[in-house]
Amino acid sequence: MRAAPRLGVNIDHVATVRNARGGTLPDPVRAALVAIEAGADGITAHLREDRRHIRDVDMERLKAEISKPLNFEMAATDEMLAIALRIKPHAICLVPEKREERTTEGGLDVVAGEAHLRPYIAKLNDAGMRVSLFIAADPAAIDAAHRLKAPVVEFHSGSWCDALTEGNTKHAEVEYQRIAAGVAQAAALGIEPHIGHGLDYATAEIVSALPQVAELNIGHYLIGESIFIGLPEAIRRMKTAMAAGRARAQ
Ligand code: PXP
């Protein structure tokens, strides 16, 4: 059996709480260090154009202070490319970004955006960063990611998780099957499949049973859980759920 997927802990919302008061606490870098101590395999942070949570200095400190891989989520813009090339995180996840959205609402439109994305991916690949594209589990998008030579895709699990929360089991099943098929298609093309957005213990366990899934990136739920049980315990429970799911992989 393959090892359980890696857990990338997204610490954006520690910065959201910090920024609500405008000071320095709680410190997202401290959260990253605590997360790693508790078993996180990497740290994910999204430097948004409007700097609503993570700031440039947070990214610099994360790169300097953490001992596990840093996954830098960013929009494909010249400003972000320059910052990424300066900080040189382990990995980049290219995401779509709209100022008015509350969170990353959909996947990258890699089919329509292929020409725009190509030079960004090439420059990041050439600089030695592992590039991931945050996409819907759509066959045409996966083929475009392959043409773009992205070594990793991260499938947006938000619609599946929302359908489950709303009790819409029919829609949830359709969304889950799309993700499962996307994971198989990506793996067959030699692309490493990751999954993220909206995951909790139960959904992380389910997708961990897909044997080719190499990494889950989880933020909002873990930071929410940490209010009640602490971040280390939330991470331990998440890792336990992921290991239980992987143990069922066929
Ligand atoms: N992966 C990507 C690419 C994201 O944009 C986000 C949200 O910032 C996540 C994972 C984590 O989603 P959540 O906070 O809902 O766990």
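Nothing fancy with the numbering, it's 1 onward along the sequence. Any value given below was found using the heavy atoms of this structure, including those in side chains, with hydrogens, waters and symmetry copies removed. In each ligand, atom 1 is the first atom listed, and ligand 1 is the first ligand listed.
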>> Any carboxylate oxygen within less than 4.0 angstrom of a Lys/Arg side-chain nitrogen, looking at Glu215 and Arg130?
In response: yes
> Residues two or more places apart in sequence or in another chain: which of them pass salt bridge (Lys or Arg N to Asp or Glu O under 4.0 Å) with Arg55?
Replying inline: none
> Considering distance alone, does some N or O of His220 sit under 3.5 Å from an N or O of ligand 1?
Replying inline: yes
> Between the candidates Arg48, His13, Glu73, which shows the shortest non-hydrogen contact distance to atom 4 (C) of ligand 1?
Replying inline: Glu73
> Looking at the rings of His194 and Phe155, which for Trp means the six-membered one, are their centres under 6.0 Å apart?
Replying inline: no
> For atom 7 (C) of ligand 1, which protein heavy atom lies nearest, and how many Å away is it?
Replying inline: His197 CD2, 3.7 Å
> Against heavy atoms of Ile218, which atoms of ligand 1 measure under 4.0 Å?
Replying inline: 16 (O)
>> Between Asp58 and Arg18, does any NZ, NE, NH1 or NH2 come within less than 4.0 Å of an OD or OE carboxylate oxygen?
In response: yes
> Does the distance from a Lys or Arg side-chain N to an Asp or Glu carboxylate O, for Glu60 and Arg86, drop under 4.0 Å?
Replying inline: yes
> Taking atom types as modelled and ignoring hydrogens, do the side chains of Glu73 and Asn217 form a donor-acceptor contact shorter than 3.5 angstrom?
Replying inline: no
> Which atoms of ligand 1 sit under 4.0 Å from any heavy atom of Val95?
Replying inline: 3 (C)
> What protein heavy atom is closest to atom 11 (C) of ligand 1, reported as residue, atom name and distance in Å?
Replying inline: Asn217 O, 3.8 Å
>> Are any of the N/O atoms on Gly219, whether in the backbone or the side chain, positioned under 3.5 angstrom from an N/O atom of ligand 1?
In response: yes
> Which bit of His156 gets closer than 4.0 Å to ligand 1, counting heavy atoms only: side chain, backbone, both or neither?
Replying inline: neither
>> Which residue and atom name correspond to the protein heavy atom nearest atom 15 (O) of ligand 1, and how close is it?
In response: Gly198 N, 2.8 Å
> Excluding sequence neighbours, so at least two apart, what forms salt bridge (Lys or Arg N to Asp or Glu O under 4.0 Å) with Arg61?
Replying inline: Asp27, Glu65
> In terms of side-chain geometry, is the basic nitrogen of Arg51 or Glu79 positioned less than 4.0 Å from the acidic oxygen of its partner?
Replying inline: yes
> What residue and atom, counting heavy atoms only, is the protein's closest point to atom 1 (N) of ligand 1, and at what distance?
Replying inline: Glu154 OE2, 2.5 Å
>> With nothing but distance in play, are any N or O atoms of Leu199 less than 3.5 Å from an N or O of ligand 1?
In response: no
> Are any of the heavy atoms in Phe134 under 4.0 Å away from ligand 1?
Replying inline: yes
>> Has Lys63 got a side-chain atom pairing as donor or acceptor with Lys88's backbone, closer than 3.5 angstrom?
In response: yes
>> Could you tell me, atom by atom, which parts of ligand 1 come under 4.0 Å of a heavy atom of Asn10?
In response: 8 (O)
